[in-house]
Amino acid sequence: MARTKRRQAGEGGISEYQTSTGPKFLIKYNAIRPDGSTKVVLKRGFTTRREAANALRTEVRKVETGEWVDLSKETLTAYLAEWIGAQRLAPSTKSSYQKNIRLHIDRHIGRTSLDRLTAMSIDTWMRKLESSGRADNKGGLSARTVRYVFTILRSALSDAVKHGHLAVNPTDRCSPPTPSQARPPEMLAWTAVELARFLTWSESFDSEAAMAWRVLGFTGMRRGEALALRWRDVDLDAMRVAVRRSVGLVRTKDRGEELVEGPTKTGQSRVVDLDAGTVQKLRVYKARRSNISPQLVRTNDLVLGGLDGGYRHPERFSRRFNSHVTRARRAFGEDKLPRIRLHDLRHTHATLLLADGEPVKVVSERLGHANATITLGVYQHVHPGMGRQAADRFAALLADPT
């Protein structure tokens, strides 16, 4: 029969029990959950009474100081589903989190209970993603994707610690891909000649699309910002546009995909000045759309919307650009026009301005970066040549001492 050493109320107790390998000891104590309810905690497997007593004192002290944590037996999948439902995220961000959780966390370690997650098991999971983590079973994920998924998991487990489901965050001791290993794809940009060449070709091939490519190339707007631009945002007399919102593609498992309008990436609106040539082309473009239907150029209508007045599908919009680049490269010769992505029109805009000596702060404001430091970091590749120009200018200042 188990023998229990009597203790004062609140101190817990120690009991001896028999196993096939000899006597062992268990501890028993009361703990208070975050919701105020009481839980009786049992821990077994201590080989000596002294070991059990030391463990009991430690646990009782945690209860008294509020450090005790009710380790969750909930599976990671169940926890993440609850966690993501409580987050205040932009629809596109939430959709991205859900997709990556479903594809890269749930199917690999989702059945593991929170209290059994370890740094080693998480590191093993990340190495598996790198070697064979693609959902189509065609190899591993990029370091950039693995780091992104790890960041989601780390944020979720940090909240688990904060809310008392875990004592420590196991991801604090993990080794995800480093920022240098997870650097984004190489940034590409056209020269001024190449951009002008492509826009001239586009106007003769597809004048409607050419207007979109020009707006992106001459303002540095993001794709979603351009597709959400309305005529009330465009002041042709003042030669400026107000960038107030963005539209993105949101995919959910239950509802499929939908286009959702929200704030800009930084949550801030901005005003971007236009050049006279772009203003003139927008006037012609607006008149042409008005001839098709007056309902395409009302104050609240989309500038770059479809002929039905709705948003253009962002991914199909990018594919249309890719198709036009392919056609233009065949027309000019591939050596005359490098292949770039739609987003690289934004990079082209910034690179050309910075290389021509435009102040970083001005370029940063046009792009809608949160601050100029981001612009400097993203476009640091532009600065080596600019540094040479600065050196030459400084030397010229001293060339004539009179």
Side-chain angles (χ1 to χ4, degrees), residues 1-83 101 104-131 146 149-150 152-176:
M1 176 179 289
R3 294 173 298 172
T4 303
K5 182 178 179 180
R6 302 186 68 83
R7 291 172 175 265
Q8 296 294 322
E11 292 183 349
I14 300 175
S15 298
E16 179 182 330
Y17 63 97
Q18 297 298 322
T19 71
S20 59
T21 58
K24 294 288 179 67
F25 297 86
L26 64 81
I27 62 174
K28 178 181 178 181
Y29 61 95
N30 293 333
I32 306 299
R33 294 190 178 98
D35 63 4
S37 62
T38 300
K39 176 179 180 178
V40 178
V41 183
L42 290 174
K43 287 191 175 183
R44 300 173 178 269
F46 300 100
T47 56
T48 66
R49 183 176 291 276
R50 174 173 292 184
E51 180 186 8
N54 289 337
L56 180 60
R57 282 194 296 272
T58 298
E59 294 301 316
V60 170
R61 190 180 305 113
K62 288 180 180 178
V63 172
E64 292 172 345
T65 60
E67 298 176 12
W68 181 82
V69 173
D70 185 11
L71 294 180
S72 177
K73 302 294 183 182
E74 186 178 29
T75 66
L76 181 57
T77 290
Y79 169 73
L80 289 175
E82 181 181 3
W83 173 78
I101 289 171
H104 306 313
I105 297 179
D106 288 351
R107 66 195 295 249
H108 294 285
I109 56 174
R111 295 181 182 178
T112 307
S113 60
L114 289 185
D115 65 331
R116 296 185 67 84
L117 285 171
T118 65
M120 183 174 291
S121 67
I122 294 172
D123 277 341
T124 300
W125 160 69
M126 285 191 288
R127 301 297 86 80
K128 183 176 181 180
L129 291 183
E130 291 170 338
S131 63
V146 173
V149 178
F150 171 80
I152 297 172
L153 179 62
R154 183 168 190 171
S155 177
L157 296 185
S158 292
D159 283 347
V161 173
K162 182 170 66 176
H163 296 139
H165 298 298
L166 286 176
V168 296
N169 187 342
T171 63
D172 290 343
R173 302 185 298 278
C174 288
S175 301

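Heads up: numbering here begins at 1 and tracks the sequence. This one's a predicted model, so the numbers in the text were calculated from it and none came from an experiment.
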Would you call [X] and [Y] a side-chain contact if the rule is heavy atoms closer than 4.5 Å?
X      : Y      : answer
Leu157 : Leu114 : yes
His104 : Ile152 : no
Ile109 : Leu76  : yes
Met126 : Pro176 : yes
Val60  : Glu64  : yes
Leu56  : Phe46  : no
Asp172 : Arg154 : yes

Go through the steps to decide whether Leu117 and Thr171 satisfy the test side-chain contact (heavy atoms from CB on, under 4.5 Å), and finish with yes or no.
-> CA-CA 9 Å; Leu117 285 171; Thr171 63; over 6 Å; no
Minimal non-hydrogen separation, [X] against [Y], with atom names:
X      : Y      : value
Pro170 : Ala119 : O-CB, 3.5 Å
Asn169 : Val161 : N-CG2, 3.6 Å
Leu26  : Arg44  : CD2-NH1, 3.5 Å
Phe25  : Ile14  : CD2-CG2, 4.2 Å
Ile27  : Ala52  : CG2-O, 3.3 Å
Tyr17  : Gly45  : OH-N, 2.9 Å

By side chain to side chain donor-acceptor pair (under 3.5 Å) - contacts of Arg127 (at least two apart) = Glu130
From [atom1] ([X]) to [atom2] ([Y]), nearest 0.5 Å:
X      : Y      : atom1 : atom2 : answer
Ile122 : His108 : CD1   : NE2   : 14.0 Å
Glu82  : Glu74  : CD    : CD    : 5.5 Å
Trp83  : His165 : CH2   : NE2   : 13.0 Å
Thr58  : Tyr29  : OG1   : OH    : 10.0 Å

Please assess Trp125 against Leu153 for the test side-chain contact (heavy atoms from CB on, under 4.5 Å), listing each intermediate value before the final yes or no.
-> CA-CA 12 Å; Trp125 160 69; Leu153 179 62; 3.7 Å; yes
If you count the non-hydrogen atoms of other residues, nucleotides and ligands that lie under 6.0 Å from NZ in Lys24, is the total more than 12?
-> yes
Would the number of heavy atoms belonging to other residues, nucleotides or ligands and lying under 6.0 Å from CZ of Arg111 be above 12?
->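 No, CZ of Arg111 has 12 or fewer neighbouring heavy atoms, counting only those of other groups under 6.0 Å.
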Ignoring hydrogens and angles, state whether a donor on the side chain of Thr21 or Thr19 is under 3.5 Å from an acceptor on the partner side chain.
->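 On atom types as modelled, these side chains qualify, holding a pair under 3.5 Å.
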